[in-house]
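The figures that follow rest on heavy atoms only: side chains count, while hydrogens, waters and symmetry mates do not.
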Amino acid sequence: MTLYELKNFQIDQAIQLALKEDINYEDVTSNAIYTEDRLAEISLLAKGEGILAGLAVFKRVFQLLDDQVTFKDYKQEGDWVKDSDLVLEVQARVSTLLSGERVALNYLQRMSGIATNVARYVAKLDDDSISVVDTRKTTPNMRVFEKYAVKVGGGFNHRYNLSDGILIKDNHIDAAGSIKEAVAKVRDYTRYVKKIEVEVESLEGVQEALEAQADIIMLDNMAIDSIREAVKLIDKQAIIECSGNIDLSNVKDYQNLGIDYLSSGAMVYNAPVLDLSMKNLTYLKD
């Protein structure tokens with residue numbers, strides 16, 4: 001099932017807002033130059049190497065502007081592309097092509113850049129027993145797109161938002177007074193319907209989370225030697241996630257530690273875009 005089929009209402013709303021941001025009331029330059037709104041074709045070309053993610057979103061931008069637009073695909077979602085590769089061709093009225101170009105490219109470049117970066121993390125870690133997951137450190141109003149791109153790149157999604165899962169963090173613990181009290185309050189509020197994850201920063205915190213019967217224990221910003229001790233202490237009594245300042249420079253350090261999940265916000269918010277361009281606009285016969 002595609003991203004658009006899963007969340008079409010949310011995607012359309014976001015794209016329409018992006019188009020309104022880019023086109024206040026008209027595309028002044030295009031309207032001045034292209035007095036005849038004829039049918040034309042333009043090529044989408046890769047200008048760098050990476051994984052394609054977001055082709056359905058790219059296409060949807062043009063479809064919202066013109067329901068007669070057509071596409072000829074040369075590459076598919078998840079394909080690896082290199083410089084000068086032809087990804088697809090778009091046929092539509094000139095006004096549609098020019099007015100939608102920037103918004104469509106912005107989505108596709110950002111999503112493809114994230115997918116490519118996530119793939120680098122997965123490859124660098126090189127441990128199939130560990131799932132690489134994202135965080136909520138996403139661009140405002142871009143979460144649905146960015147989390148989808150993570151999956152295209154071979155990663156997995158952590159909770160989508162605050163309603164989607166329970167994660168007791170340091171400030172929650174401070175507010176409750178202890179890990180034990182925080183877990184008890186959450187368990188009383190939600191009963192049995194959701195798993196409870198607790199963020200800890202020390203072996204003492206690990207022990208308290210175990211005594212509170214947390215389902216998932218997040219080892220946050222812990223040194224590798226401390227993580228090894230924590231894994232022994234947990235001894236499969238809870239799912240183990242590691243997080244905190246994890247990037248490409250150190251992700252391999254977490255290999256073969258016996259943890260279950262590795263979460264990184266940097267692989268999304270630090271991802272460079274994949275350079276793509278729309279070129280070679282030519283008129284077609286109507």
Answer yes if [X] and [Y] sit in the same cluster of Ile, Leu, Val, Met, Phe, Trp and Tyr residues linked by side chain heavy atoms under 4.5 Å apart, and no otherwise.
X: Leu276; Y: Leu55; result: yes
X: Met222; Y: Ile224; result: yes
X: Leu257; Y: Ile216; result: no
X: Met267; Y: Val152; result: no
X: Ile33; Y: Val94; result: yes

Answer yes or no: does atom [atom1] of [X] have more than 12 heavy-atom neighbours from other residues, nucleotides or ligands under 6.0 Å?
X: Tyr254; atom1: OH; result: yes
X: Gln255; atom1: CD; result: yes
X: Asn141; atom1: CG; result: no
X: Lys72; atom1: NZ; result: no

Heavy-atom distance under 4.5 Å between the side chains of [X] and [Y], does that happen here?
X: Glu49; Y: Val81; result: no
X: Gln213; Y: Val183; result: no
X: Glu89; Y: Phe71; result: no
X: Asp127; Y: Asn256; result: yes
X: Asp247; Y: Tyr121; result: yes
X: Val144; Y: Tyr160; result: yes
X: Ile227; Y: Cys242; result: yes
X: Arg143; Y: Asn161; result: yes

Give me the atom names and distance for the closest heavy-atom approach of [X] to [Y].
X: Val103; Y: Val61; result: CG1-CG2, 4.0 Å
X: Gln237; Y: Leu210; result: CB-CD2, 3.8 Å
X: Ser243; Y: Met218; result: CB-SD, 3.9 Å
X: Asn157; Y: Val133; result: C-CB, 4.5 Å
X: Gln91; Y: Leu39; result: C-CD1, 4.5 Å
X: Asn250; Y: Asn245; result: ND2-O, 3.0 Å

### Message
So, applying side chain to side chain contact (heavy atoms under 4.5 Å, CB included) with Ile166, which one of Arg187, Glu197, Lys195, Lys194 is it?
### Response
Lys194
#### Entry: Among Leu233, Val200, Ile240, the one residue meeting side chain to side chain contact (heavy atoms under 4.5 Å, CB included) with Ile217
Val200
Has the side chain of [X] got a donor or acceptor atom that lies under 3.5 Å from a matching backbone atom of [Y]?
X: Thr190; Y: Val193; answer: no
X: Glu201; Y: Asn221; answer: no
X: Glu146; Y: Thr138; answer: no
X: Ser131; Y: Tyr261; answer: no
X: Ser43; Y: Leu45; answer: no
X: Thr139; Y: Met142; answer: no
X: Asp220; Y: Glu199; answer: no
X: Asp73; Y: Leu88; answer: no
X: Asp260; Y: Ile239; answer: no

Salt bridge between [X] and [Y], side-chain N to carboxylate O under 4.0 Å?
X: Asp164; Y: Arg136; answer: no
X: Lys147; Y: Asp134; answer: yes
X: Arg191; Y: Asp188; answer: yes
X: Asp66; Y: Arg93; answer: no

### Message
Under a 3.5 Å threshold, yes or no: a donor from one side chain and an acceptor from the other, between Glu41 and Thr282?
### Response
no
### Query
Are a donor atom and an acceptor atom from the side chains of Asn106 and Arg110 found within less than 3.5 Å of each other?
no
### Message
Measuring centre to centre across the rings, with the benzene-like ring taken for any Trp, is Phe58 within less than 6.0 Å of Tyr107?
### Response
no
### Task
Give the intermediate values and the outcome of side-chain contact (heavy atoms from CB on, under 4.5 Å) for residues Val186 and Ile168.
CA-CA 9 Å; Val186 169; Ile168 299 173; 3.9 Å; yes
### Message
Using side-chain contact (heavy atoms from CB on, under 4.5 Å), reason through Met111 and Val57 one step at a time and then give a plain yes or no.
### Response
CA-CA 10 Å; Met111 294 172 71; Val57 180; 4.1 Å; yes
### Query
Got a sec, which residues hit side chain to side chain donor-acceptor pair (under 3.5 Å) with Thr29, two or more places apart in sequence or on another chain?
none
